**Student:** 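Supplied in structure tokens, the structure appears directly below.
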Amino acid sequence: MPELPEVEITKRGIEPHIVGKRIRELLVRDRRLRWPIEKGLEKKLKASKVLSVARRAKYILVNCDSGCLIIHLGMSGSLRILSETQKPGKHDHFDLTFEDGSILRYRDPRRFGALLWTEDNPSLHPRIKNLGPEPLESKFDWRALRDRISGSESPIKLQIMKNEVVVGVGNIYANESLFRAGIHPHTIAKKVGTIRSKRLVAAIKETLASAIEAGGSSLRDFYQADGTKGYFQQNYFVYGQGGKSCRVCGHTIRSTTTSQRSTFFCSNCQKR
DNA sequence: CGCCAGGCCTGCACGC
DNA sequence: TGCGTGCAGGCCTGGC
């Protein structure tokens, strides 16, 4: 499943192949994504030019001269560049084809992803305007975190997974970041003070940055933008490691549930 | 074959 | 009653 590092890798992967190109057509095979692809989008995109590609949270923004495509990969989505026509698979729901013959192909077996469109500034789009800070930007610091969680009685793990607190931290990296910060996932958020807020922010940044550097670790169904398989490193400290020995201290990694999501932690390394 | 994973929006339940 | 907050439900399908 693409988390922020995978989305960033995908964005970097497609960017050089589509910026500056003119769109031949949008070919939609199945409109039924998380929100149906709006009717008539094909017409709006015809002969548009791609100006730039950006990322906000887990959304990929394809800026065109006629408006902005907003792409979300959901849990099983991927984008890749094809240099020539290839027979589409069962879950290849749309293609964006270019005048030079190349194709940006979207695949998403579970259809939790989305293709949205705005002719406004994309930062004003309803899906984007209420998002919290980007984890890798300097604006996301311990004060920003503390200001958003200081009143909360809910577990810190839930807070860092909330998009209003910080974007791009899904279940895998929430578990990993809390391990790196030495904080038990069920710690009540408002009990995380200054020192631990600093540690947690640093841990989130390190965890995400190193995953991006590694080329995007992920679950099975992630393909890199060029179509080769992702690295599938899965050398996580705690995520998916229930019952195994902690790589740092040797204690057994515990697994539990937090609001219906799987949670992993080392009870020796992580304190409440 | 039944269940689970995952992101994230929506709607409900709860407490002041 | 109203509001903020927390949390469960639902979407979907491949893989165990």
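All values derive from a computational prediction rather than experimental measurement. Values reported hereafter were calculated over all heavy atoms of this structure, with side chains retained and with hydrogens, waters and symmetry mates removed. Naming convention: chains lettered A, B, ... in sequence-line order (proteins, then strands); numbering from 1 in each chain.
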**Student:** Rounding to an integer number of Å, can you tell me how far A/Ile188 CD1 sits from C/dT5 P?
**Tutor:**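 In whole Å, C/dT5 P and A/Ile188 CD1 are 16 Å from each other.
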**Student:** Considering only NZ, NE, NH1 and NH2 on the basic side and carboxylate oxygens on the acidic side, decide whether A/Arg29 and A/Asp92 come within less than 4.0 Å.
**Tutor:**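 Salt bridge absent between A/Arg29 and A/Asp92.
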**Student:** Verify, without hydrogens or angle tests, whether A/Asn175 (side chain) and A/Phe264 (backbone) share a donor-acceptor contact under 3.5 angstrom.
**Tutor:**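 The answer is yes, because a donor-acceptor pair under 3.5 Å joins these two groups.
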**Student:** For A/Ser154 and C/dT5, is the shortest distance between a side-chain N/O and OP1 or OP2 below 4.0 Å?
**Tutor:**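 Looking at the OP1 and OP2 atoms of C/dT5, neither is under 4.0 Å from any side-chain N or O of A/Ser154.
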**Student:** Could you state the CE-P distance from A/Met161 to B/dA5, rounded to the nearest angstrom?
**Tutor:**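 Computing the A/Met161:CE to B/dA5:P distance gives 12 Å.
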**Student:** At under 4.0 Å, does any side-chain N or O of A/His72 touch on OP1 or OP2 of B/dC8?
**Tutor:**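 True: A/His72 side-chain N/O within range (under 4.0 Å) of B/dC8 OP1/OP2.
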**Student:** With respect to the side chain of A/Phe112, which nucleotide from C/dG14, C/dC7, C/dC11 is positioned closest?
**Tutor:**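 Of all the options, the side chain of A/Phe112 is nearest to C/dC11.
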**Student:** Quick check for you: among B/dC9, B/dG7, C/dG14, whose closest atom lies nearest to any side-chain atom of A/Arg127?
**Tutor:**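 Of the candidates, B/dC9 comes closest.
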**Student:** Between C/dG14, C/dG6, B/dA5, which one does the side chain of A/Lys90 approach most closely?
**Tutor:**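 Given the options C/dG14, C/dG6, B/dA5, the side chain of A/Lys90 is closest to C/dG14.
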**Student:** Among B/dC8, B/dG7, C/dC7, find the nucleotide with the atom closest to the side chain of A/Asn163.
**Tutor:**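 Nearest to the side-chain atoms of A/Asn163, counting from C-beta on, is B/dC8.
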**Student:** Below 4.0 angstrom from OP1 or OP2 of C/dT5, is there any side-chain N or O of A/Lys162?
**Tutor:**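 No, no such contact exists.
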**Student:** From C-beta outward on A/Lys58, which listed nucleotide comes closest to its side chain: C/dC7, C/dG14, B/dG7?
**Tutor:**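 Nearest to the side chain of A/Lys58 among the choices is B/dG7.
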**Student:** Within this structure, what is the CG-to-C1' distance between A/Asn175 and B/dA5, rounded to whole angstrom?
**Tutor:**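 Those two atoms, CG and C1', are 13 Å apart.
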**Student:** Between B/dC8 atom P and A/Tyr173 atom OH, what is the distance in whole Å?
**Tutor:**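 Value for this atom pair: 14 Å.
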**Student:** Measure across A/His186 and A/Thr258 and return the closest heavy-atom pair with its distance rounded to 0.1 Å.
**Tutor:**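 Closest heavy-atom pair between A/His186 and A/Thr258: NE2-OG1, 2.8 Å.
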**Student:** Determine whether a donor-acceptor pair (N or O, by modelled atom type, separation under 3.5 Å) exists between the side chain of A/Arg180 and the backbone of A/Glu176.
**Tutor:**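 Answer holds: no.
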**Student:** Out of B/dC9, C/dA8, B/dG7, which has the shortest distance to the side chain of A/Ser259?
**Tutor:**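 Shortest atom-to-atom distance from the side chain points to C/dA8.
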**Student:** If you check the A/Arg34 side chain, which of C/dA8, C/dG14, C/dG10 turns out closest?
**Tutor:**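 Looking only at side-chain atoms, A/Arg34 lies closest to C/dG10.
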**Student:** Compare side-chain N and O positions of A/Gln260 against OP1 and OP2 of C/dC7 and report whether any pair is under 4.0 Å apart.
**Tutor:**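 Checking A/Gln260 against C/dC7: no side-chain N or O falls below 4.0 Å of OP1 or OP2.
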**Student:** Return the nearest nucleotide to the side chain of A/Pro109; candidates are C/dG6, B/dC9, C/dT13.
**Tutor:**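 The answer is C/dT13.
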**Student:** May I have the distance from A/Ile160 (atom CD1) to B/dC8 (atom P), rounded to whole angstrom?
**Tutor:**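 The answer, rounded to whole Å, is 14 Å.
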**Student:** Of the options B/dC9, C/dT13, C/dG6, whose atoms approach the side-chain atoms of A/Trp35 most closely?
**Tutor:**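 Among B/dC9, C/dT13, C/dG6, the one nearest the side chain of A/Trp35 is B/dC9.
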**Student:** Please check if the side chain of A/Arg107 supplies one atom and the backbone of A/His91 the other of a donor-acceptor pair under 3.5 Å.
**Tutor:**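 No, the answer is negative, given that no donor and acceptor are paired below the 3.5 Å cut-off.
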**Student:** Closest approach to the side chain of A/Asn171, judged atom by atom: which nucleotide of B/dA5, C/dG14, B/dG7 is it?
**Tutor:**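 Nucleotide nearest to A/Asn171's side chain: B/dG7.
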**Student:** Rounded off to whole Å, could you give me the CG-to-C1' distance for the A/Leu33 and B/dG7 pair?
**Tutor:**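 A/Leu33 atom CG is separated from B/dG7 atom C1' by 14 Å.
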**Student:** Sub-3.5 Å donor-acceptor pair from the side chain of A/Thr97 to the main-chain atoms of A/Glu25, do we have one?
**Tutor:**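 Here the side-chain-to-backbone pair exists.
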**Student:** Send over the distance from A/Ile172 CD1 to B/dC4 P, rounded to a whole Å.
**Tutor:**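 Whole-Å distance recorded here is 18 Å.
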**Student:** Can you tell me the distance, in whole Å, between the CD atom of A/Glu153 and the C1' atom of C/dT5?
**Tutor:**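 To the nearest whole Å, that distance equals 10 Å.
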**Student:** Whether A/Arg261 contacts B/dG7 is assessed here as follows: a side-chain N or O lying under 4.0 Å from the phosphate OP1 or OP2. Is that the case?
**Tutor:**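 So the side chain of A/Arg261 is within the cut-off, an N or O lying under 4.0 Å from OP1 or OP2 of B/dG7.
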**Student:** Remember a base hit wins even if backbone is also touched, and classify A/Asp108 as base, sugar-phosphate or nothing at under 4.0 Å, heavy atoms.
**Tutor:**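 A/Asp108: no heavy atom of the nucleic acid under 4.0 Å.
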